[in-house]
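Labels below follow one simple rule: chain letters A, B, ... track the order of the sequence lines, proteins then strands, and each chain is numbered from 1.
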Amino acid sequence: MLPKGPYNPQEEEPKILIFWLDNKFYKPEYDPDKDKVVSFEEMLKDKRPTFCIINPPPNAYGRPHLGNVSGYAYQDLLLRYYRMKGYKVYGQPGKDHAGIQGEIVVLREYFRPQGKFKANMTRDEFYRETYEYFMKIKEQAKKDEQRIGLSSDFDRDVFTLDPEIVDIVLDTFIKLYRDGYVYKGVRIVNWCPSCQTALADIDTEPKERSTDFVYIKYPLIPEDANIFELKLPYADLDSLQKNKKLNIDLSLLGNQKNKIKINDFVILEASEPEYHKMRLPSLVANIKEDKVELKPLDSSFWQAKYPLLIGTSSKFKQGLFKSQLEDLGLKIITVDKPLEIREGETSLIENAKAKALAYSKAYPNALVIANDGGAEIPYLGKKWNKVLTKRLVGGDKASYKERAQALLELMKDVPKDKRTVYWEGAYAVALNGEILFAKSYKEEPGIITTKLHPGIEKSTGDWLGYIWYYPQLEKYSFELTDSDKVKLNWAIIQFKKDLLAFLFEKGIINYVTVATTRPETMLGDTAVVVNPDDIRYQALIGRKVLLPLVWRPIPIITDPIVDKNLGTGALKLTPAHAYEDYQIMLNWNKNTKKDPDAQIDYINVIDKQAKIVGPTGKYFGLSTTEAKEQVVKDLQALKLVSKIETKKQFVQVCERCKTVIEPQMSSQWFIDVSQIKKPAIEVVEKGEIKIHPKNMTKVYLDWMYNLRDWPISRSLWWGYRFPVWYKGKVEEKIDENGKVITYIDGTPVKDFKEAEEKGLAKISKKSPGKGWIQSDYVFDTWFSSGQWPFATLMKFKLFDKFYPTQVMETGYDILKWWVSRMVMLGLYRTGKIPFEHVYLHGLIKSFDGQKMSKSKGNVVYPHELIEKYGADVLRLFYIVGNKAGANYQITHDKLEGNKRFLNKLWNASKFVLFNIEEVKDKLPQLKPQELKLSADDKKMVKEVDKIAERVKKYIESFKFGIIAVDLRQHFWEIFCDWYLEIVKPRLYTKDKNGNPIEYDKDDRLAAQWTLYYALQKYLKILHPYIPFITERIWQEMPKGKGDHRSLMFSRWE
RNA sequence: GGGCAGGUAGCUCAGCUGGUUAGAGCACUCGGUUUACAUCCGAGAGGUCACAGGUUCGAGUCCUGUCCUGCCCACCA
């Protein structure tokens, strides 16, 4: 009998848990038919179809949080469902060492109280102690998993750093290396100059500071100028600077000497004995027979020479933008009396053309932009606009009069409220008396809103365009066109989106101004980057600028990531010391693979002590702070600083010591994913792996399509150490060209392959012998956890039996990080998909509706809720009404409601059990057709069978949360409120006062059987949702065919 | 800036490939019951399905645009 009173989960749930654990129901070796644990071999031979879920391993050092536990509810629901369906079920639990996070936590919470730090420990000591500590502490996480009812095989609970797992993971690395998918390359890393270590992004934190934003002018090298580079004795350079003149021998130019002409550039480079380099740009002033006279350049050389702009708009006339233009060294010609060619038989576009031609005649060297506009035409909505277009035969070519006529006619047919008005205008651009292009535009319905036409922003794919002048807005903008039809040799300057001016290239733009918060890194600049759609710089793409101070020609390249509106829209590229610059370099080099000359490189100018190194001349050896001051000072002396602003900026600082991170180049290990990602994309595209919810498939595929080579090495102690050995000490140094060079035992090596060939390095799991030193790097956590599905199953020799697994259930937030890697590495290592379905659950919002976070103080721990409500209530909260990928909020109402449901189930069961007590044992053997079932009984049976069928359908399509609402309601309303109430009179054998009453025995038995049948069915379909209470009630229920002493193994049908 | 999701009752959310009168839980109002139910049952009220167009015999559902919210990614040179 069930105990009296309301259901008490704190009392009942632990008993059930012990019942399950003691009987080892969770083990795959448990055979329900024999009701015992059979041998491993016997289990392997079992013919039942398999169903396997690998439980995502939580961090070993902490207790699983509300999110982890939600996962277990879903995983366990599936495990239990398929177990009851007769599958051979296996759940693989595990605990994660959690890489960097694990290391931080153990240092803080375990070692620091003992006065131990990485500085006063050996690596082995640290690893051993941490391992032991984790082994101990991970038991708590395991208990939490069991408490929620997760029916996985806890005898096979495994740690990610388990030696056998490590072995399998390292084998994968070695296989990747042998197959040529692993390489060691130089890459930018977060370097903490104080801790002297590379840091993962997660170990850095943003800090706001205010800093100087320096605008530096990089002189543009004229297109037709040759550039020669010459190495000279230092003394010669010195004399050049002093005397402003130098004669050098033509023969120094070698076979290029015939090319040189006056006004060419010669960049002179001289080295001091101690490695400092001095570079100075000079102009060829005079060529004698065997000598060249060189003149050093000063900044005045780059000044602009002549104006070339004419605008016809009122803004020019008013002298607006004057200062900006003059800042560029331009003079502006304004036209006092603009031509008025209007009306008559001329169309807008003809007007514009006529204007442009007239002006260009007057100013033969000017590029003329002429506009004409102001025609008002009605806007009629979509439908009417079509009519309008049709009636306006001739379109642009129609004259004003024709147009006005047609519009007036049309207006009559248009409903009044739709008669709004838009503007029409035209543009023409002329040069040397010739029209370059012309176009009319129609835009802005009605009273013009404050917005520009959306097409303007969208169509910035080309550089040629049309000016649009919005009279009512007093604004200019432009529209771009197909540029391959018209090729012009000029650029367009745009000020703050408002003014557009077309400028001749030659002699006008003679600087490219870049803005930077880190002027000292310009010493390592290798390019200037502009947005490919930025019309201002179109004519400059592919040209070169001369990097001041170090006087190195660097190219102007493009990348869409560059923000046109930030700073000057031109970005100085220092790939060695800015993460984003580094990415731009990679992209650029990838896109210009076929053209080796276009490739750009890095120059590392800051070393691990934050000192200036590399080819930096007089700045060599300065600290970054000193260098910054000096560089700005020197640039100002050259008049190459146009302005300095103060800017608020976020910098990354070291999480531990708060030192500003100094990004720089360092040698790291990579996986070349270009090949191995292909099958991982294919299996998802083909639907061999299905992702729930479906829309996450796109997220996965987008991520995979764009996946770049994966850096897998980390400078940590806690993790899988690389199976890489060096014969001697490994050092990294920056050479005089700013390149990172690795030295093994003093010998410089180009790359790892070379080191291996020279016998200085080896890939091996064990030490190759005395004197060999193992690499300091450990693997990125995702490299190991990406192998979790097959590594765990291989360890337990269950691979053949259970791989591929059926479901991977995890939070959608790690789809990209974890799921993608499991698919990729699983396919690579085993040739098979790791799982058939990916079910992604949503995140849980706290009681206040916000995302849980420690800083907000709204974190809810699952064990708190379990203590108060029990595991079943929490499981219902996770499941009921929720769907894949959707976030949901925890509320007390939901928890209370679930508690009430359990109580209802408990009481209804008590009622049923009490009323079937004396016929309990024979009920399962009775056949419905032999019973005197009433219409209500039959209806009840039908109803419960129906809901069971629906639940089955929904669970198998991963919609168990949605159907749970119906199931709960079904039990409550159909079984409790309806059937139980109407069946009562048929069950009573006594009246209110306890006196016996007459009753029909057969009818009563029919009712009793129906009660029994419905309840056992409900218990079964409810079991995957609320295993504890259903199992507890099951213990009191009579058992029939297909029933097991544990509800867990009783068959659904 | 790019991407994804969402906007439905007072609150938290369902509503699959378009199809009667748009649903559930909680909260609310009224009535009843206490031989399973520190309760439960019955009844009721409450919605321009964000907004504007469109497709259709028919739109919460499909298309276009707009607004708002949340999340993810990137970036702040």
- Message: If I pick the P atom on C71(B) and the same atom on C51(B), what distance separates them, to the nearest angstrom?
- Response: 24 Å
- Provide, to the nearest angstrom, the distance between the CE atom belonging to Met696(A) and the P atom belonging to C73(B). 12 Å
- Note on the structure: Going 5' to 3' through nucleotides 36-41 of chain B and flagging B where a protein heavy-atom sits under 4.0 Å of the base, S where only the sugar-phosphate is that close, and - otherwise, we get BBB-SS
- Query: Parallel, tilted or perpendicular: which describes the rings of Tyr215(A) and Phe213(A), with under 30° parallel and over 60° perpendicular?
  - Reply: perpendicular
- Taking atom types as modelled, is there a side-chain donor on Asp601(A) or Thr526(A) under 3.5 Å from an acceptor on the other? no
- Note on the structure: Comparing Gln583(A) with Leu843(A), nearest RNA chain B nucleotide closer to 5' gives the residue Leu843(A)
- Message: Here's one to test your reading of the geometry: is the NZ or CZ of Lys959(A) within 45 degrees of the ring axis of Tyr954(A) and under 6.0 Å from its centre?
- Response: yes
- Item | Any donor-acceptor N or O pair under 3.5 Å, side chains Tyr1013(A), Asp937(A) | no
- Item | Interatomic distance, Ile661(A) CD1 vs C76(B) P [rounded to whole Å] | 15 Å
- Task: For the pair Arg518(A) and Glu520(A), find out whether any cationic side-chain nitrogen is under 4.0 Å from an anionic carboxylate oxygen.
- Result: yes
- Message: Using a strict threshold of under 4.0 Å (side-chain N to carboxylate O), is an ion pair present between Glu918(A) and Lys920(A)?
- Response: no
- Task: Return yes if a side-chain donor-acceptor contact under 3.5 Å exists between Asn887(A) and Tyr812(A), otherwise no.
- Result: yes
- Query: With rounding to whole Å, what would you report as the distance between G18(B) and C62(B) at their C1' atoms?
  - Reply: 7 Å
- Separation between the C1' atoms of U29(B) and C68(B), rounded to whole Å: 34 Å
- Using the P atoms only, state how far C4(B) lies from U21(B), rounded to an integer number of Å. 35 Å
- Taking the P atom of each, how far is G15(B) from G54(B), in whole Å? 29 Å
- Item | Whether Tyr1018(A) and Phe971(A) hold their rings parallel, tilted or perpendicular, with breakpoints at 30° and 60° | perpendicular
- Message: If I take atom OH in residue Tyr812(A) and atom P in nucleotide G3(B), what distance separates them, rounded to the nearest angstrom?
- Response: 19 Å
- Message: When you compare the side chains of Asp936(A) and Trp978(A), does any donor N or O come within less than 3.5 Å of an acceptor on the partner?
- Response: no
- Note on the structure: From CG of Asp966(A) across to P of G25(B) the rounded distance in Å is 11 Å
- For His577(A) and Glu662(A), test the side chains for any donor-to-acceptor distance below 3.5 angstrom and give the result as yes or no. no
- Note on the structure: RNA chain B in dot-bracket form (Watson-Crick or G-U pairs under 3.5 Å, [ ] crossing, | inter-strand) is (((((((..((((.....[...)))).(((((.......))))).....(((((..]....))))))))))))....
- Between P of G25(B) and OH of Tyr878(A), the distance in whole Å: 24 Å
- Task: Measure from CH2 on Trp817(A) to P on C73(B) and round the result to the nearest Å.
- Result: 7 Å
- Query: What string of B, S and - do you get for nucleotides 9-15 of chain B 5' to 3' if you count protein non-hydrogen atoms under 4.0 Å?
  - Reply: ---SSSS
- Query: When the C1' atoms of G44(B) and U48(B) are considered, how many whole Å apart are they?
  - Reply: 23 Å
- Establish, from distance only, whether the side-chain atoms of Arg875(A) and Asn898(A) form a donor-acceptor pair under 3.5 Å. no
- Message: Closest-nucleotide mapping onto RNA chain B: is Lys698(A) or Ile584(A) further toward the 5' terminus? I mean the 5' end.
- Response: Lys698(A)
- Message: Does either side chain, that of Thr697(A) or that of Lys690(A), offer a donor lying less than 3.5 Å from an acceptor on the other one?
- Response: no
- In whole angstrom, what separates Trp978(A)'s CH2 from G42(B)'s C1'? 17 Å
- Item | Distance between P atoms of C28(B) and G65(B) (Å, rounded) | 45 Å
- Task: Could you tell me whether Tyr582(A) and Tyr602(A) have their ring centroids closer than 6.0 angstrom?
- Result: no
- Item | Distance in angstrom units between Asp893(A) CG and C28(B) C1', rounded | 13 Å
- Task: For G3(B) and A59(B), measure between their P atoms and round to the nearest Å.
- Result: 31 Å
